[in-house]
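Below: the structure, in structure tokens.
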Amino acid sequence: MDLQDQLKNLFPDHKPEDTPKETSKASDIWMQDDPIICKYEKRKGKPTTILEGYTGATEDFKALAKEIKTQLSVGGSFKDDKIIIQGDYRDKIMQILKDKGFNVKRVGG
């Protein structure tokens with residue numbers, strides 16, 4: 001007896017609802033025409049990836065920073081209208097941003 005059968009035995013009068021599945025997640029982040037600059041620097045001997053050039057709201061850029069850090073499972077911060085990611089993740093970050101619809105320009109190697 002599987003879980004569905006057990007639930008039917010516990011709640012015989014229940015009628016399941018048909019809920020439509022969400023097919024695509026709408027992005028609330030403002031898209032811009034100018035490219036976001038993705039560059040690589042070494043700070044105190046450690047590699048960092050820096051994203052700058054976003055002209056939208058600061059909250060949207062912070063949300064984008066959090067999403068990138070979560071997807072890559074890395075540390076980073078948001079300071080002075082720049083996203084600073086620990087490590088050299090330029091290729092992965094550029095792919096994430098392109099999938100979201102942003103124009104991205106690689107600077108510095």
Side-chain angles (χ1 to χ4, degrees):
M1 184 180 270
D2 65 343
L3 183 61
Q4 293 293 329
D5 293 334
Q6 291 176 3
L7 289 173
K8 285 179 185 176
N9 288 338
L10 289 172
F11 305 104
D13 296 333
H14 177 72
K15 292 186 171 88
E17 296 178 4
D18 291 332
T19 56
K21 292 184 179 180
E22 191 174 321
T23 56
S24 65
K25 183 178 166 184
S27 178
D28 295 335
I29 298 174
W30 182 77
M31 300 306 226
Q32 66 182 19
D33 295 330
D34 297 333
I36 293 178
I37 307 297
C38 183
K39 63 183 178 178
Y40 170 78
E41 285 185 6
K42 278 199 169 189
R43 293 189 174 183
K44 297 182 182 176
K46 297 183 180 180
T48 58
T49 304
I50 300 172
L51 299 172
E52 58 186 14
Y54 186 73
T55 57
T58 304
E59 290 80 22
D60 290 345
F61 208 37
K62 284 182 182 179
L64 185 64
K66 183 173 181 175
E67 187 173 336
I68 289 171
K69 291 189 298 184
T70 304
Q71 282 188 2
L72 296 175
S73 300
V74 296
S77 64
F78 178 83
K79 293 180 184 175
D80 301 325
D81 293 330
K82 295 179 184 177
I83 298 175
I84 301 167
I85 302 293
Q86 296 173 354
D88 184 12
Y89 292 99
R90 285 177 291 180
D91 296 330
K92 292 179 183 178
I93 291 172
M94 288 175 65
Q95 187 61 44
I96 291 170
L97 292 175
K98 284 179 183 176
D99 291 343
K100 289 188 162 296
F102 285 101
N103 293 330
V104 184
K105 185 175 181 183
R106 185 176 178 148
V107 176

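The figures that follow rest on heavy atoms only: side chains count, while hydrogens, waters and symmetry mates do not.
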- Give a yes or no on this: more than 12 heavy atoms of other residues, nucleotides or ligands lie within 6.0 Å of atom NZ of Lys92. no

* Asked: Counting heavy atoms not belonging to Asp80, are there more than 12 under 6.0 Å from its CG?
  -> no

Find the distance between [atom1] ([X]) and [atom2] ([Y]) and round it off to the nearest 0.5 Å.
X     : Y     : atom1 : atom2 : answer
Gln86 : Ser77 : CD    : OG    : 7.5 Å
Ser73 : Tyr89 : OG    : OH    : 8.5 Å
Lys39 : Thr49 : NZ    : OG1   : 11.5 Å
Ile36 : Glu52 : CD1   : CD    : 10.5 Å
Ile68 : Ile85 : CD1   : CD1   : 6.0 Å
Asp81 : Thr58 : CG    : OG1   : 5.0 Å

Discussion item. Just by distance, no angles: are the side chains of Asp91 and Gln95 close enough, under 3.5 Å, to form a donor-acceptor pair?
Written reply: no

Quick one: do [X] and [Y] end up in the same hydrophobic cluster if we chain Ile, Leu, Val, Met, Phe, Trp and Tyr together by side-chain heavy atoms under 4.5 Å apart?
X      : Y      : answer
Ile84  : Val74  : no
Phe102 : Leu72  : yes
Phe78  : Leu97  : yes
Tyr40  : Val104 : no
Ile37  : Ile50  : no

- Message: Classify the ring geometry of Phe61 against Tyr54: parallel below 30°, tilted from 30° to 60°, perpendicular beyond 60°.
- Response: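 Aromatic pair Phe61/Tyr54 classed parallel.
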
Closest heavy-atom pair and its distance - [X], [Y]:
X     : Y     : value
Cys38 : Met94 : SG-CG, 4.0 Å
Arg90 : Asp88 : NE-OD1, 3.0 Å
Ile83 : Leu64 : CD1-C, 4.5 Å

